Amino acid sequence: MPSRLAFVGVWLVLLALLGISMAVTLLELGPWHAALNMILAAASAVLVVWFDMHLRESSGILKLFATGTIIFLLIMFSFGLADWPTR
Amino acid sequence: MNPLLPQPRLALPQLSNYAAEYDWLFFAMSVFSVVFVTAIFIAILYFAIKYRAGSPADRTDRIRFRSRVILESSWSLIPFVLLLVFFVWAGKMYVAWSMPPKGALEIAVVGKQWMWKFQHPGGQREINTLHVPLGQPVKLVMTSQDVIHSLFVPALRIKMDAIPGRYTNLWFTAKETGKYHLHCAEYCGTDHSVMGGWLIVMTPADYQTWLAQAGTDLSLAGAGAALFRKYGCSGCHGANSTVHAPSLGGLFGTTVRTEDGREVLADEGYIRDCITVPGKNRVAGYPPIMPNFSGKISEGDLIKLIAYIRSLPPGARP
Amino acid sequence: MTAEAKKAPPKSYIEDGHTLRSWFFSTDHKGIAVLYLVSITLFFFVGGAAATLIRLELLSPNGFILSNDAYNRLFTIHGVIMVWFFLIPSIPNTFGNFLIPIMIGAKDLAFPKLNLASWWIFVFAGCFVIAALLIGGVDTGWTFYAPFSTMFSNGYVIPAVVGVFISGFSTILTGLNFIVTVHRLRAPGMTWFRLPLFVWSIYATSLVMVLATPVLATTLLLIFAERVFGLGFFDPQLGGDPVLYQHMFWFYSHPAVYIMVLPAFAVMSELMTAFSKKHIFGYKVIAFSSLAIAGLGFLVWGHHMFVAGESVYVGLVFSVLSFTIAVPSAIKVFNWTATMRKGYVSFDAPMLFALGFIGLFVIGGLTGLFVAATGLDVHLTRTYFVIAHFHFIMVGGTVSCYFGALHFWWPKMTGRMYPEMPGRIVALLIFFGFMLTFMPQFILGWLGMPRRYHLYPPEFQVLNVLSSAGASILAVAYTAPLFYLAWSLFYGKRAGLNPWGAAGLEWMIPSPPPRENFETVPVVTWEAYPYPLEPQPVAKEDGR
Amino acid sequence: MSDALPAVHEQFQAPGQQLEADRLGLWVFLASEAMLFGAVFFALTVYHLIHPAAMHAATSRLDLVTGVIGTAVLLTSSTTMALAVKAAREGRRTEALIVLVGTVLLGLAFEAIKVHDWFDEYDQGLYPPMGPPFPLPQPAARLYFHLYFVSTGLHAVHLAVGILLVAGVAASLLSNRMKLPERTVTVEMVGLYWQFVDIVWIFLFPTLYLVSR
């Protein structure tokens, strides 16, 4: 179990990621900012799942279920979103 | 024909080349299926009889693990490879089905609860019956005024949904004259089952005669020109306009650059969006002043407007 | 080794209490299974009555008892009730509930209170749907396609949508319960590869339940908000895309088809081994093919939309993946067939249901390839060909297996044997009645009769009459078990531990099982399906 | 932690088994919740894709400042919840109580911000079926706001449930009905749910506020 300080560290990183995300948006980096925003969000989410939700210390089966869910969400997005640009 | 006992139609007419090829594929897959089913049924019957509880059959199993693996993989892989042949064959037909040839006779179709409205390029309109010429590719440009419908002609082995808010295409070349069923295949409400009528294939000469008889005041594009003024489009897009609005002459079929930097093909759907969803694809360099006509122009009028814009030669300022 | 019948047998779960409270609020998985059995039987007959009326009406091309509107409401009720209130809960919620804890050597599911809650939620949801039916019906079809359902339908869409939405929670909670139970409550020695294949298949089903159902919940929520608050999500006037609705709906509903049929595979593996008295052919292959089907099931939803305005390229991808899913299904059929080889095959009623299943499922599966083939689907989709195809799988497959399971485990659930001969006759009637009902529909579809047609061109009448004739046989065959099974409750022979001489933990405990299932936790030292049974726990009459 | 575990229900043989079952059950539940929100995100993404201009116009109407503050508040609450679980596992009752109350307050702060946003947007006419006339010319902008209200509403309902759960845990701790570390599992479960709801917002914020801006 990480120390209290570690959780505070994760918190600071999360706030920093939020800050970067805002900077990216407000600086108008063009079409890339959308992708960058989502990548930063994904990074924050991974931090929350891995540390705050204790997945790091959890059994393998929980990790498997967490990854599995992401895979099924990716299936929904990749196959579903493929429809519109190729019509 | 005895009305109490109508004759079943076990063979469908093959009205197009697509239908002919379709029947071959269907036949091939049926043969595959029958062989497969028979094999399974025979195996079940054989085992059921030979190894029934009371039978004295020899039960010592001599199949080794290795041959089991070979057996398992062969009976899963061989059918799969065979199936892929069908996938490719069907896929080729599907791609052909989705690509109307250039220069096809274009007929506008609007589905509406519960009727099909057809409009020929010359402006001739008909409801629930569609007259087409023999031997000439016909492209149906379809949309719907309310819910999703689906135009289905069994003799052609084709169908396609008519979807509100966009245009879809369906094409065919009829190769026999006659009268064939035309249905709505997507459930669309109370009278879904009576939404349909006939596809009538005529010789080109007969078709011309029919067009002349069906008569109409104005061609599609001509009617569109009147609507162009009626809805006030000419106020901004017209020759004498002082408003900074894009010129529409020669627009159709070109590629338009939008304000947010995308390249969009100016087809029926694009022009439709410009009228009903302005701002979706606003042309670069023009202010967002196009009024929204969504819900104010009927599907039939939209088709006429599009036909009119399409008819404008490059450089023309209507 | 395990709890055998002792001198003073423990009280069975049925005798655990005789009050209504002891049934409706018991957290015992077996009691809840019985609650499900009773409630889904009721729903089955409501949906079946609608089907009977539909077939009766279609005797004539011009319609003779129903208006167009009434007909549309009937097929919607048939679809909604059969899909969400019979097929989806049928095998998992009754037999899964009853058997999974016993098969893995546990006393109950991991969350018994949640299990009871699932049943109450299910019944509550059913009330909404029945209410929608009573106050005037719904005319959207079970698919609730936008924009028809949101803007044009004049039926009671809202209560129906709410009902289906709520029933989803029941499905999710049941799936969750099964997953955790299989992971965490297996008896000592019960490794994954010693599990009966029933458990594997229900486990795969549960994964689909948990991952697919919430997407339906969202989709229905959007439909609800669009209809009640006027928030357009799929409204073309606003630039909304009705095809988006179809993507979301089928992302759920195609996997849902596997929620309905994987449990049938579960039952098949048990029946084929028990009545061939032989170890299953290719245990691991069958186990993994269940998981493969569950996973691949999420990759094929677009094959419902080949002519719905979906991109052609995406259509081709979905098509080839749909062909792929035929492989694990075919493997299962081969393996069940091969299981009979070198066995001691007997033909009791459950086995007849199982053999009937193979026949109908193979036909249903192969015709599935016709509609998965893009170029062929353009003609066949939305015709009776599709209707026949999925009824072959759902009714020919799942319902046959449901009845097979009912006959196979009836002695275990009630402690009584049903009369054998009526059982066999019903199994045969269902097979042949089914063929007569749905074979003509393949031809109707090929000839171009669209589905959901109340009135149809007169040349289709002969085939429709044949189909209706078959349906009347089915109506009799599906009702008959109600009578002889009820009779057996009072007059049936006592079943004993193991009337079929089958392997599996459930056949080593008394029938009906005691409240706790096992006196002591069993320690499993054998593989699944250890036929021929060595130290025979032979069928014997218990001495009451 | 394995030395202090609660009584075992009859279907389990060992306390560890029960704990693992509870955890797995909650993760499976969260998987299901993820798919529920996934479908909302899917619809949102599709409309971002096919109506970029309208989505841009609509996005610009949202108040970025309250959005960022709300996000920061939720990120903080995720951390306080993690600290609560740690304190519970290690049996520090008072500390757990403090961070749990902090979590509740942060949750309430987020809800307050959101309600403020909604009123603000309603006044601007952005709630399409009611209120002042919709200010944007693009019809597809309405699609955006319809989805905006459904997705933020669905999230707010989930968060409200979370607030009740955390408050309930805090109350049981305060009244000594709940013993730590014996009932750590309860704090853990509530924490997982809470942080999941945070993650939904972590994705909802850029999807609604940023990507089309």
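What you see is a predicted model, and the numbers here were worked out from it, not measured in a lab. To find a chain, count down the sequence lines: A is the first, B the second, and so on, and within it residues start at 1.
- The number of heavy-atom neighbours closer than 6.0 Å to NZ of B:K139, taken from other residues, nucleotides and ligands shown, is above 12.
- What you find for B:N292 and D:P137 is that their closest heavy atoms are ND2-O, 4.2 Å.
- When heavy atoms are compared at a cutoff of 4.5 Å, B:T258 does not approach chain D at all.
- Summarising the local packing, CZ of B:R125 is surrounded by 12 or fewer heavy atoms from other residues, nucleotides or ligands at distances under 6.0 Å.
- When the heavy atoms of residues 41-55 of chain D are compared with those of chain B, the residues falling under 4.5 Å are D:I50, D:H51, D:P52, D:A53, listed by number.
- In this structure, B:Y286 places its OH atom where more than 12 heavy-atom neighbours from other residues, nucleotides or ligands lie under 6.0 Å away.
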